[in-house]
Number of protein chains: 2
Amino acid sequence: MALEHAILVSLLEKPGSGYELARRFERSIGYFWTATHQQIYRVLKRMEADGWIDVREVPQQGRPDKKEYSVSGYGRTALGEWLHEPIQPESVRHELAVKIRGAAFDDPRALIGEVRRHQRMHRDQLEHYLAGERRDFGAVDAPPCDGVRPDAGRELQHAVLRGGIAYERMMIAWLDDVLDTLHRLGPGR
Amino acid sequence: MALEHAILVSLLEKPGSGYELARRFERSIGYFWTATHQQIYRVLKRMEADGWIDVREVPQQGRPDKKEYSVSGYGRTALGEWLHEPIQPESVRHELAVKIRGAAFDDPRALIGEVRRHQRMHRDQLEHYLAGERRDFGAVDAPPCDGVRPDAGRELQHAVLRGGIAYERMMIAWLDDVLDTLHRLGPGR
DNA sequence: TACTGCATGTAAGATGTTACATGATTAC
DNA sequence: GTAATCATGTAACATCTTACATGCAGTA
């Protein structure tokens, strides 16, 4: 029941159409919460019916008109309430871990290519995050100047991005470990 | 479409009933793939109908009879095929990350307690993993003796466990970073 | 007597995925 | 002309979650 809330956060950061939200869920917020455009349109309708968001028809030239959604006061309250609720344990799905354990019943070395492929994807994602960090948060971490209030949104987005970076680095290192293990084991049973 | 395969792996490691599988999905394999007993019973039925698993009625004394499932040759083939398929990108859901970004539109400091709670849970999970590692894989990493074939299943389970350990350590460190950030930001807008 | 563990299920509803559908503009 | 981008949706199906349901044995 949190796609609604992810959408609220995204619309508070910047109002936009269903299409634009779908694009954001392919990057940025999508690194921590995925959704397809079909889901988004369905949920936007419900949120509008519930009064969490307002719509504004935006006529455009050279491209189809769009509906720009923004968060209503009511939606903001709903987000606040959600923020104060404790999170319940998330359901985990690490398909690669299941495959690694399954490899014991097959030829373990057959997984090597797949693990390498994943490692490459994680390296790419890390590069992507680091490029984003350089672009959006600069290379130097300037110490906060006295009297200058740090921008909470920016700081928090950066903190989340640092989490993504730490995750990718951890995965790359772990997959090195897995590759070592797979190489040590001979051909399967 | 991978709960089937997680069940195949678990049943290959050790045959068992639906109830026992449900318990395993609360520990061990459950650290990488979650499932409730309702899901498990439903999928076991389908797998049996598809001939992936065999059932054996086991009468018991002092407790209800159970159905012990084990993987058939056909199921083993299905697992092998799945192992050779490339994994497609998994859908991510990090509710805490969404909340952290959302905190910019509320009082960031209100999240501190929740973040601390998560950090405690990750510390507990780390302790749990480390205890399991000591118990199941011993404190010393004995160098492989010549001629002694390492047990693939054991080695791979250990590799997956090391992944869990690395993940928890990364999360604990990142949440320290997040706590620093939340403290630096004053009360919300 | 009440609770916990073992053991198996059904049913309803929410959510997520995949495929289909339309139509204009812009770039190659 | 062909493909990609912008923009919005519907429909069917699969999966997941939550609640309900049963019944016996052992323990506090």
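In what follows, chains carry the letters A, B, and so on, assigned in the order in which the sequence lines appear, proteins first and then strands, with residues in each chain numbered from 1. Keep in mind that what you see is a predicted model, and the values were worked out from it rather than measured.
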Of the listed nucleotides (dT18(C), dT15(D), dG9(C)), which one gets closest to any side-chain atom of Arg46(B)?
dT15(D)

Between the CG atom in Leu179(B) and the CZ atom in Arg184(B), the distance rounded to the nearest 0.5 Å is 11.5 Å

Can you tell me which nucleotide in dC6(D), dA12(D), dC6(C) comes closest to the side chain of Arg63(B)?
dC6(C)

With a 4.0 Å cutoff (strictly under), does any side-chain N or O of Lys45(B) reach OP1 or OP2 of dT10(C)?
yes

Base, sugar-phosphate, or nothing for Gln38(A), non-hydrogen atoms under 4.0 angstrom?
base

Of the listed nucleotides (dT8(C), dA7(D), dT17(C)), which one gets closest to any side-chain atom of Arg42(A)?
dT17(C)

Between dA7(D), dG16(C), dT18(C), which nucleotide has the shortest distance from any of its atoms to the side chain of Gln60(A)?
dA7(D)

Given dG9(C), dG23(D), dA7(D), which nucleotide is nearest the side-chain atoms of Pro64(B)?
dG23(D)

Does the plane of the ring in His94(A) sit parallel, tilted or perpendicular to the ring in Tyr167(B)? Use 30° and 60° as the thresholds.
perpendicular

Under 3.5 Å donor-acceptor, Trp174(A) side chain and Ala159(B) backbone:
yes

Quick one: which of dG16(C), dC6(D), dT10(C) gets closest to the side chain of Arg23(A)?
dC6(D)

Let's see if you can work this out: which of dG9(C), dG16(C), dG9(D) has an atom nearest to the side-chain heavy atoms of Leu3(A)?
dG16(C)

